[in-house]
Amino acid sequence: MQPISIDLSRSYQREVYYQILVIGAGGTGGIVIQQLCQMLSMFEISAKLIIAEPDIYEEKNRNNQLCLAKDVGKNKADVLAKRYRAAYQLDIATYTGGYVEDTKTIDTLFQLNYERIPYNYRIVPILISCVDNNYSRKIFHEYFNTAQTLLYFDVGNENVILPKDHRNRPIESWTKEELEEYKDSGFTGQMVCGFKSDWKILSEPIGTLYPDILEDNDEIAPSQLSCQELAASNPQRLITNRYSAISVITVLNEIFETKSLSTHRILYHAKRGYMKSEPILG
C-alpha cells in the first residue's frame with residue numbers, strides 16, 4: 001500500500017458545512033479550541049462548534065489551562081465559548097449537562113443547528129476527543145462505526161508518574177527511582193484521525209489501531225469518579241498538552257486550507273522535541 005492524499009473537495013463536490021464537536025475543554029481541549037476558532041475565522045470556514053465539558057475551572061487550572069482569575073468557578077466550556085465567540089464572531093454552542101457517555105448524546109449534539117444550514121451544503125461532522133480515557137474511546141468508536149460520514153480525531157498523552165503519596169510528601173524526600181520515573185514520564189502521546197465517508201472507512205480510527213482500548217474493561221465512567229479521583233487520575237505536563245493540541249491542529253489545517261487529508265497518525269515526544277507523522281495508506 002502507498003501513501004495517499006484524500007481530495008475532500010472532489011469527494012464532497014459541494015460547499016461543506018462542518019459540525020464540529022469537541023469533547024473535553026481542559027489542558028489539551030482548551031488549546032485545541034483556541035487554535036481551532038482562530039483557524040475557522042482565518043479560513044472563513046462555514047461551521048458550528050459545540051464544546052462539551054461539564055467541569056468548572058478551579059484555582060489550580062490557572063497553571064496549565066486557559067483560565068484567568070475571573071474564570072475560576074465558571075464552567076470551562078461556557079468561558080471558552082463566550083471568549084472566542086466574541087473574538088472571532090463564530091457560531092459556538094456548549095453542552096455542560098454532564099459527561100458524554102453514550103452515542104445518543106453525540107448524535108443529539110451533532111443535530112444542533114441543522115435547520116439553519118443551507119440546503120446546498122454538504123454537512124460533515126467532526127468529532128474531536130480530548131478526554132484521555134478508554135471508557136470514552138469505546139463509546140466514540142461505537143459512534144464511528146454507526147456514522148455514515150465522520151472525521152474522528154482522538155488525542156491522548158502519557159500521564160506523569162508520581163508517588164501515590166506525593167501530595168503529602170515533598171519532592172526532596174522522594175527516592176531516586178521515584179524522581180527518575182517522574183522526570184522521564186508524561187512526555188509522549190499520539191493523535192489518530194479516523195475518516196469515514198458515505199459508509200466507507202478511508203482511515204481507521206484509534207480503536208482499530210490500538211485494539212486493546214476496546215478490550216479495556218477496567219475503565220470507569222468519568223461520571224462515576226469522585227472529584228478527588230478525577231483530580232488525581234490524569235496528571236499531565238503543560239508542554240505535552242501543547243504538543244497534543246498542535247497534532248490535532250496540524251491535520252485540521254490541512255483539511256481547511258487545502259481541502260485534503262493525508263495524515264493518519266502523529267506520534268510525539270515533548271521532552272525530545274519531535275513529532276512524527278504517518279500517512280494514510282491506500
Side-chain angles (χ1 to χ4, degrees), residues 1-23 36 40 45-50 52 95 100-131 134-156 190-216 247-248 250-266 277-282:
M1 302 181 77
Q2 299 294 322
I4 63 170
S5 178
I6 301 170
D7 185 343
L8 300 178
S9 61
R10 185 175 181 182
S11 299
Y12 298 144
Q13 296 180 344
R14 285 186 284 168
E15 289 293 321
V16 173
Y17 189 97
Y18 293 101
Q19 289 278 85
I20 307 172
L21 172 59
V22 178
I23 301 180
L36 169 61
L40 292 174
I45 301 297
S46 298
K48 182 179 185 70
L49 172 61
I50 306 106
Y95 173 71
V100 177
E101 296 181 346
D102 57 73
T103 58
K104 183 178 180 181
T105 301
I106 299 173
D107 199 52
T108 299
L109 292 174
F110 271 132
Q111 298 303 317
L112 293 177
N113 201 48
Y114 263 32
E115 71 280 358
R116 295 171 54 189
I117 302 173
Y119 73 93
N120 58 323
Y121 275 64
R122 169 70 183 265
I123 300 172
V124 177
I126 300 178
L127 171 61
I128 304 175
S129 166
C130 298
V131 288
N134 289 344
Y135 184 94
S136 298
R137 285 191 175 102
K138 286 190 280 188
I139 293 168
F140 303 155
H141 186 83
E142 180 184 351
Y143 186 80
F144 181 87
N145 285 337
T146 59
Q148 177 178 342
T149 296
L150 182 67
L151 275 159
Y152 166 34
F153 292 80
D154 183 279
V155 62
Q190 76 289 318
M191 184 286 304
V192 176
C193 178
F195 180 41
K196 190 177 183 183
S197 181
D198 292 326
W199 305 110
K200 183 179 181 181
I201 297 176
L202 301 174
S203 178
E204 297 286 359
I206 190 168
T208 302
L209 267 62
Y210 301 94
D212 56 307
I213 289 173
L214 307 179
E215 299 166 3
D216 186 355
S247 67
V248 175
T250 296
V251 180
L252 286 173
N253 181 80
E254 180 186 15
I255 292 170
F256 295 150
E257 185 171 20
T258 70
K259 309 239 176 348
S260 62
L261 175 65
S262 62
T263 299
H264 187 193
R265 174 168 53 181
I266 294 178
S277 66
E278 298 178 357
I280 298 173
L281 301 176

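A quick note: this is a predicted structure, and the numbers were derived from the prediction, not measured. Values below: all heavy atoms of this structure, side chains included; hydrogens, waters and symmetry mates excluded.
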Exercise. Would Val22 and Leu49 satisfy side-chain contact (heavy atoms from CB on, under 4.5 Å), going step by step from the backbone distance to the final call?
Worked result: CA-CA 8 Å; Val22 178; Leu49 172 61; 3.7 Å; yes
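- Met191 pairs with exactly one of Val248, Ile128, Ile206 by the side chain to side chain contact (heavy atoms under 4.5 Å, CB included) rule, that one being Val248.
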Problem set entry | Candidate pair Tyr17 and Ile45, rule side-chain contact (heavy atoms from CB on, under 4.5 Å), full reasoning | CA-CA 8 Å; Tyr17 189 97; Ile45 301 297; over 6 Å; no
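- For the atom pair CD of Glu15 and CG of Asn120, the computed distance is 8.0 Å after rounding to the nearest 0.5 Å.
- Annotation: side chain of Phe195 is in contact with side chain of Leu8 (closest heavy-atom distance under 4.5 Å).
- In this structure, the side chain of His141 does not engage the main chain of Leu214 through any donor-acceptor pair within 3.5 Å.
- In this structure, Ser203 contributes its side chain and Cys193 its backbone to a donor-acceptor pair below 3.5 Å.
- In this structure, Thr108 contributes its side chain and Lys104 its backbone to a donor-acceptor pair below 3.5 Å.
- Here CZ of Phe153 is found 14.0 Å from CD1 of Ile23. Values are rounded to the nearest 0.5 Å.
- Between atom OG1 of residue Thr103 and atom NZ of residue Lys138 there is a gap of 14.5 Å, rounded to the nearest 0.5 Å.
- Between Ala147 and Leu150, the shortest heavy-atom contact is CB-CB, 4.0 Å.
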Exercise. Run the side-chain contact (heavy atoms from CB on, under 4.5 Å) check on Leu127 and Leu151 step by step: do they pass?
Worked result: CA-CA 6 Å; Leu127 171 61; Leu151 275 159; over 6 Å; no
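- Of all non-hydrogen atoms in Val155 and Arg137, the two that sit nearest each other are O-NH2, 4.0 Å.
- The minimum heavy-atom distance linking Ser262 with Glu254 is given by the pair OG-OE2, 2.7 Å.
- For the ring pair (Phe, Tyr, Trp, His ring centres under 6.0 Å) with Tyr18, the qualifying choice from Phe256, Phe110, Tyr121 is Phe256, the only one to do so.
- Residue Ile255 is tested with Val251, Asn253, Thr258 for a side chain to side chain contact (heavy atoms under 4.5 Å, CB included); the sole match is Val251.
- For the pair Val192 and His264, the minimum side-chain heavy-atom distance is below 4.5 Å.
- Shown here is Gln148, whose CD atom has more than 12 heavy atoms of other residues, nucleotides or ligands within 6.0 Å.
- If you take NZ on Lys48 and CG on Leu40, they are separated by 12.5 Å, rounding to the nearest 0.5 Å.
- The ring of Tyr152 has its center no closer than 6.0 angstrom to the ring center of Tyr143.
- When all heavy atoms are compared, the tightest approach of Glu101 to Ile139 is O-CD1, 3.0 Å.
- Side-chain contact between Gln19 and Ile126 is absent, with no heavy atoms from C-beta onward closer than 4.5 Å.
- Between atom CD1 of residue Ile6 and atom CG of residue Leu261 there is a gap of 5.0 Å, rounded to the nearest 0.5 Å.
- Heavy-atom minimum distance, Ile266 versus Ser247: CD1-O, 3.6 Å.
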Problem set entry | side-chain contact (heavy atoms from CB on, under 4.5 Å) between Ile50 and Ile20, worked out | CA-CA 6 Å; Ile50 306 106; Ile20 307 172; over 6 Å; no
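- Residues Leu281 and Met1 share a closest heavy-atom pair of O-CE, 3.6 Å.
- In this structure, the side chains of Phe140 and Val131 come closer than 4.5 Å at one or more pairs of heavy atoms.
- The closest side-chain heavy-atom distance from Lys196 to Phe144 is below 4.5 Å.
- For Asp154 and Arg265, the salt-bridge test fails: no basic side-chain N is under 4.0 Å from an acidic carboxylate O.
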